[in-house]
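What follows is one structure encoded as structure tokens, with my remarks underneath.
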Amino acid sequence: MSFPLLTATAALPAIGAIATAAVPAARRTVAKWLALFFSLGTLVLAGIVFARFEPGGDRYQLTESRSWIADFGVRYELGVDGIGVALLGLTALLIPFVIAAGWHDADPLETKSSRWRPTQGFFALILMVEAMVILSFLATDVFLFYILFEAMLIPMYFLIGGFGDRAHAGSDENAAKQRSYAAVKFLLYNLAGGLIMLAAVIGLYVVAGSFSLSEIVAARADGTLEMATSTERWLFLGFFLAFAIKAPLWPLHTWLPNAMGEATAPVAVLITAIVDKVGTFAMLRFCLGLFPEASKWATPVVIALALVSIVYGALLAVGQRDIKRLIAYASISHFGFIILGIFAMTSQGQSGATLYMVNHGISTAALLLVAGFLITRRGSRLIADYGGVQKVAPVLAGTFLIGGLATLSLPGLAPFVSEFLVLVGTFSAYPVAGIIATSGIVLAAVYVLVLYQRTMTGPVNESVRTMPDLKVRELAVAVPLIAFLIFLGVFPKPLTEVVNPAVKHTMSDVQKKDPQPEVEAAK
């Protein structure tokens, strides 16, 4: 029996969560280092998975299959394709930075409204989310994926509702109510989508007689499994709605600004850079793989919703007064680009969408974590409370600027490559949609540069005059993320090599070919 590498990669953070939670309350520092150790161990295993993955090999590699609930045909099936291995790498890469950035976010506070902050629980919950997200990228059994899709909501609920932003820490009861409201809204939205998906999962089993993704896709391809058009469309809608909420896609996005605004910066990164990617990933793996005809049927509407997300998110980001809510609305706009690339149904669009998931995760982590360092120093999320920071904390301002420039997809930084591919793929199939989507680029430049100007330039605000610059731990978080943004911006080949073959499989599932350019015949 070969070593179950995929299981080990997902199990290690789960074991780390249990070990971290078991550390005595008085040994908070031990719990922090233990969580960091297990996250780094997971990164090593993810690196081994990436190294062993063969881009030109089988679609799903390092597969594992065990009977789980035999009476219902549910199996513990894992396998990794090029898209899954890229997102596995993203998750394992970001979690150590999330832990390091949140090193003091759960320390006890001597305030009336928040005396109990279980440090061990904070880091244990982060590791548990990591384990569930990794397994969701590896699961090739639809029912197993559904369980993970729903289960990750529970630790996220406690992370949002139980550990608030330092800008609000211990201020008053209203802050606790806002956190509770954001956490409940997050949970209700995603649970509602998940329950609809459960009905679709059951319907899929009734029609296909299996929960195995590879078996169902193969049966659909060779014609041994046929679905009525109406049945396929209803099942597609059940899956897509759950994924669109998690993504989030307009108009199902409203939980995200509340959740990101009230959570600590590391937890906000966990939400938008890692957990939300499960939604867009699942659109590629399950919606297009299981329901190809319904996916093509829904394409015009999904593209229209993606365009609304791009423009709407960017416009609301321009008008924000809260730093973290601005980044949240910017993320809604970016997820619109990802979904646009997926449903453009071109190889460039889907390759760009996958790269966008990875690059958005890194760029948003860089910007959000540095913004969190800034907010912790001043104790406010309001843009108006800053000004002239670059004169007193130039390194902080510089890293903030690079994170912002990556967010607006500046050439030479990683998101540019992915956004360019999405637009090229969209233009070739839907020229009008491509033209509308480019407005998001212009608006991104507006909200990023205005944010930097109002917080970092101009006269020094009295409240930031004594603000310290980034410390060693904070530099250890910001500098590597920026290095990754630059490296993948000038050399994206390590990602494109593993992503492109997987995209070809997805294009084959939906039986789509790239539009051929119209070339005028030579006279």
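No side-chain heavy atom of Tyr60 sits less than 4.5 Å from a side-chain heavy atom of Leu78. With a 4.5 Å cut-off on side-chain heavy atoms, Val422 and Tyr356 count as touching. Between Leu127 and Ile99 the shortest side-chain heavy-atom distance falls below 4.5 Å. Residues Leu485 and Pro415 are in side-chain contact: their nearest non-hydrogen atoms beyond the backbone lie under 4.5 Å apart. No side-chain heavy atom of Thr63 sits under 4.5 Å from any side-chain heavy atom of Thr140. Contact of the Leu374 side chain with the Met467 side chain is registered, since non-hydrogen atoms from C-beta on lie closer than 4.5 Å. Two residues are said to be in side-chain contact when any heavy atoms from C-beta on lie closer than 4.5 Å; Leu252 and Leu241 meet this criterion. A 4.5 Å side-chain heavy-atom check between Leu396 and Met456 finds at least one atom pair inside the cut-off.
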Apply side chain to side chain contact (heavy atoms under 4.5 Å, CB included) to Ile375 and Ser380, showing your working. CA-CA 6 Å; Ile375 291 167; Ser380 173; over 6 Å; no

Quick one: do Leu144 and Glu77 satisfy side chain to side chain contact (heavy atoms under 4.5 Å, CB included)? Show the steps, please. CA-CA 8 Å; Leu144 174 61; Glu77 283 192 350; 5.7 Å; no

Would Asp322 and Ile383 satisfy side chain to side chain contact (heavy atoms under 4.5 Å, CB included), going step by step from the backbone distance to the final call? CA-CA 6 Å; Asp322 182 308; Ile383 296 173; over 6 Å; no

Please report the C-alpha distance between Val267 and Met156 in whole Å, then the side-chain angles of each, then the deciding distance to 0.1 Å, and finally whether the side chain to side chain contact (heavy atoms under 4.5 Å, CB included) criterion is met. CA-CA 8 Å; Val267 172; Met156 286 305 307; 4.3 Å; yes

Apply salt bridge (charged side-chain N to carboxylate O under 4.0 Å, His left out) to residues Arg381 and Glu262 and explain how you reach the verdict. CA-CA 10 Å; Arg381 303 192 322 234; Glu262 297 306 320; 3.7 Å; yes

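Taking the six-membered ring where tryptophan is involved, the planes of Phe286 and Phe243 are tilted, since the angle between them lies from 30° to 60°.
Within 6.0 Å of CZ on Phe158 lie no more than 12 heavy atoms contributed by other residues, nucleotides or ligands. Crowding of Phe37 atom CZ: a count of heavy atoms from other residues, nucleotides or ligands under 6.0 Å not exceeding 12. Enclosure of atom CZ in Arg378 by more than 12 non-hydrogen atoms of other residues, nucleotides or ligands within 6.0 angstrom is indicated.
Residues passing the side-chain contact (heavy atoms from CB on, under 4.5 Å) test with Ala242, sequence neighbours excluded: Phe149, Met197. A search for ring pair (Phe, Tyr, Trp, His ring centres under 6.0 Å) contacts involving Trp33 returns Trp103, not counting sequence neighbours. The salt bridge (charged side-chain N to carboxylate O under 4.0 Å, His left out) search around Glu474 returns Arg377, not counting sequence neighbours. Residues forming a salt bridge (charged side-chain N to carboxylate O under 4.0 Å, His left out) with Glu54 (at least two apart in sequence, or on another chain): none. Scored by the side-chain contact (heavy atoms from CB on, under 4.5 Å) test, Leu475 finds Val395, Leu470, Val479 as partners (sequence neighbours excluded).
Taken to the nearest 0.5 Å, the OG atom of Ser409 stands 7.0 Å off from the CD1 atom of Ile441. Taken from CZ in Phe123 to CG in Leu159, the straight-line distance is 10.5 Å, to the nearest 0.5 Å. With rounding to the nearest 0.5 angstrom, the CG atom of Leu94 is 9.0 Å from the CZ atom of Phe484. For the atom pair Leu451 CG and Leu367 CG, the distance stands at 7.0 Å (nearest 0.5 Å). Taking NE2 of His360 as the reference point, atom OG1 of Thr280 lies at 9.5 Å (rounded to 0.5 Å). Rounded to the nearest 0.5 angstrom, Thr264 OG1 and His104 NE2 are separated by 13.5 Å.
Closest heavy-atom contact between Arg473 and Ala101: NH1-O, 3.5 Å. Scanning both residues, Ala8 and Leu45, for their nearest heavy atoms gives O-CD1, 3.6 Å. Contact detail for Met128 and Ala14: the closest heavy-atom pair is CE-O, 4.2 Å. When all heavy atoms of Asn461 and Ala384 are compared, the closest pair comes out as ND2-O, 3.9 Å. Ala445 and Leu408 get closest at one heavy-atom pair: CA-CD2, 4.0 Å. Shortest non-hydrogen contact noted between Val464 and Val460 is CG2-CG1, 4.0 Å.
When ring centroids are compared, His253 and Phe335 stay outside the 6.0 Å threshold. Taking the six-membered ring wherever Trp is involved, the centroid distance between the rings of Phe137 and Phe281 falls below 6.0 Å.
Thr272 contributes no side-chain N or O that, together with a main-chain N or O of Ala268, makes up a donor-acceptor pair within less than 3.5 Å. Counting only distance, with no hydrogens or angles, the side chain of Lys324 and the backbone of Gly372 share no donor-acceptor pair below 3.5 Å. Panel note: side chain Thr20, backbone Ala124; no donor-acceptor pair is recorded below 3.5 Å. Ser180 places no side-chain N or O within donor-acceptor distance of the main-chain N or O of Lys177, the cut-off being under 3.5 Å. Gln120 contributes no side-chain N or O that, together with a main-chain N or O of Ala22, makes up a donor-acceptor pair within less than 3.5 Å. Remark: the backbone N or O of Thr364 is not paired with any side-chain donor or acceptor of Thr407 at under 3.5 angstrom.
For the residue pair Tyr76 / Thr7, a side-chain donor-acceptor distance below 3.5 Å is found, with atom types taken as modelled. Inspection of the Glu130 and Ser39 side chains reveals no N or O donor paired with an N or O acceptor under 3.5 Å. For Tyr329 and Gln320, the side-chain atoms include no donor-acceptor pair closer than 3.5 Å. Residues Tyr189 and Thr254 have side chains that bring a donor and an acceptor to within less than 3.5 angstrom of each other.
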Can you give me every donor-acceptor pair (side chain of residues 79-89, partner residue at least two apart or in another chain, under 3.5 Å) with its distance?
{"from": "Asp81", "atom 1": "OD1", "to": "Ile83", "atom 2": "N", "distance (Å)": "3.4"}
{"from": "Asp81", "atom 1": "OD1", "to": "Gly84", "atom 2": "N", "distance (Å)": "2.7"}
{"from": "Asp81", "atom 1": "OD1", "to": "Arg285", "atom 2": "NH2", "distance (Å)": "3.2"}

